[in-house]
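We're numbering straight along the sequence, starting at 1.
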Amino acid sequence: MKEKRYMSLAITYAVLAMLFGVFYREFTKFYAYSMPTVLSVIHPHLLILGTLLFIILAVIAKVTNIQNNRLFKKFVIIYNFSLPFMILT
């Protein structure tokens with residue numbers, strides 16, 4: 001059942017990635033800004049670090065019993081807490 005939770009997180013990060021991608025495109029177009037900006041890396045970071053990782057974790061959780069591991073539970077909590085900081089770098 002935990003794989004549903006990981007898929008929900010993956011969908012959430014995918015929606016956030018799309019929103020930030022549209023925001024980046026429209027913001028830079030509105031202000032006619034063409035220089036590099038931190039906004040340009042938020043979209044791919046959310047897609048790869050958020051969506052792709054949690055899809056992989058959902059598949060692993062479906063095949064194995066990793067969701068009952070104490071260290072894995074801590075990893076998921078810490079990862080979700082730290083991901084907003086990782087997307088900005």
Side-chain angles (χ1 to χ4, degrees):
M1 264 321 161
K2 289 283 187 169
E3 61 270 2
K4 288 185 181 180
R5 177 175 176 230
Y6 302 135
M7 285 305 294
S8 296
L9 285 169
I11 291 169
T12 302
Y13 284 123
V15 169
L16 284 173
M18 295 301 121
L19 289 174
F20 276 106
V22 169
F23 173 75
Y24 164 68
R25 185 190 70 209
E26 295 302 320
F27 183 80
T28 54
K29 189 179 2 174
F30 180 75
Y31 287 106
Y33 189 80
S34 61
M35 300 298 292
T37 178
V38 175
L39 291 174
S40 66
V41 298
I42 293 176
H43 171 71
H45 275 83
L46 277 173
L47 277 176
I48 295 168
L49 295 175
T51 306
L52 189 62
L53 178 88
F54 281 104
I55 289 173
I56 292 169
L57 287 180
V59 171
I60 291 172
K62 183 76 173 175
V63 175
T64 66
N65 201 14
I66 196 168
Q67 63 269 17
N68 293 331
N69 187 332
R70 180 177 53 91
L71 291 175
F72 181 73
K73 289 178 184 178
K74 287 182 182 179
F75 162 74
V76 171
I77 292 168
I78 291 170
Y79 191 82
N80 277 311
F81 178 74
S82 64
L83 187 60
F85 300 107
M86 287 190 286
I87 64 171
L88 295 176
T89 59

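- Following chains of ILVMFWY side-chain contacts shorter than 4.5 Å, one can reach Ile56 starting from Ile87, so the two form part of one hydrophobic cluster.
- Taken from CG in Leu52 to CG in Leu47, the straight-line distance is 9.0 Å, to the nearest 0.5 Å.
- Nearest approach of Lys73 to Gln67, heavy atoms of both residues: CE-O, 3.2 Å.
- A distance of 12.0 Å separates CG of Leu19 from CD1 of Ile42, quoted to the nearest 0.5 Å.
- Taking a 6.0 Å sphere around CZ of Phe20, one finds it holds 12 or fewer heavy atoms contributed by other residues, nucleotides or ligands.
- The stretch residues 42-70 participates, sequence neighbours left out, in these salt bridge (Lys or Arg N to Asp or Glu O under 4.0 Å) pairs: Glu3-Lys62.
- By the 4.5 Å heavy-atom criterion applied to side chains, Leu57 and Phe72 are counted as neighbours.
- The distance from the NZ atom of Lys4 to the CG atom of Leu9 is 14.5 Å, given to the nearest 0.5 Å.
- Closest heavy-atom contact between Thr51 and Ala10: OG1-O, 3.5 Å.
- A continuous path of hydrophobic side-chain contacts links Met86 to Phe54 [ILVMFWY only; heavy atoms under 4.5 Å].
- In the hydrophobic clustering of ILVMFWY residues, with side-chain heavy atoms under 4.5 Å counting as a link, Val76 and Ile60 come out together.
- Under the 4.5 Å side-chain heavy-atom criterion for ILVMFWY residues, no single connected hydrophobic cluster contains both Ile55 and Val15.
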Expected list for residues 24-35: side-chain donor-acceptor pairs under 3.5 angstrom, two or more places apart:
unit_1 : atom_1 : unit_2 : atom_2 : d
Thr28  : OG1    : Tyr24  : O      : 2.8
Thr28  : OG1    : Arg25  : O      : 3.2

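- Hydrophobic clustering (side-chain heavy atoms under 4.5 Å, transitive across Ile, Leu, Val, Met, Phe, Trp, Tyr) keeps Ile11 apart from Tyr6.
- Nearest approach of Leu83 to Gly50, heavy atoms of both residues: CD2-CA, 3.9 Å.
- Remark: Thr12 OG1 to Met7 CE distance equals 10.5 Å, nearest 0.5 Å.
- Between the side chain of Tyr79 and the main chain of Leu49, a donor-acceptor pair closer than 3.5 Å is present.
- With values rounded to the nearest 0.5 angstrom, Asn80 atom CG is found 3.5 Å from Tyr13 atom OH.
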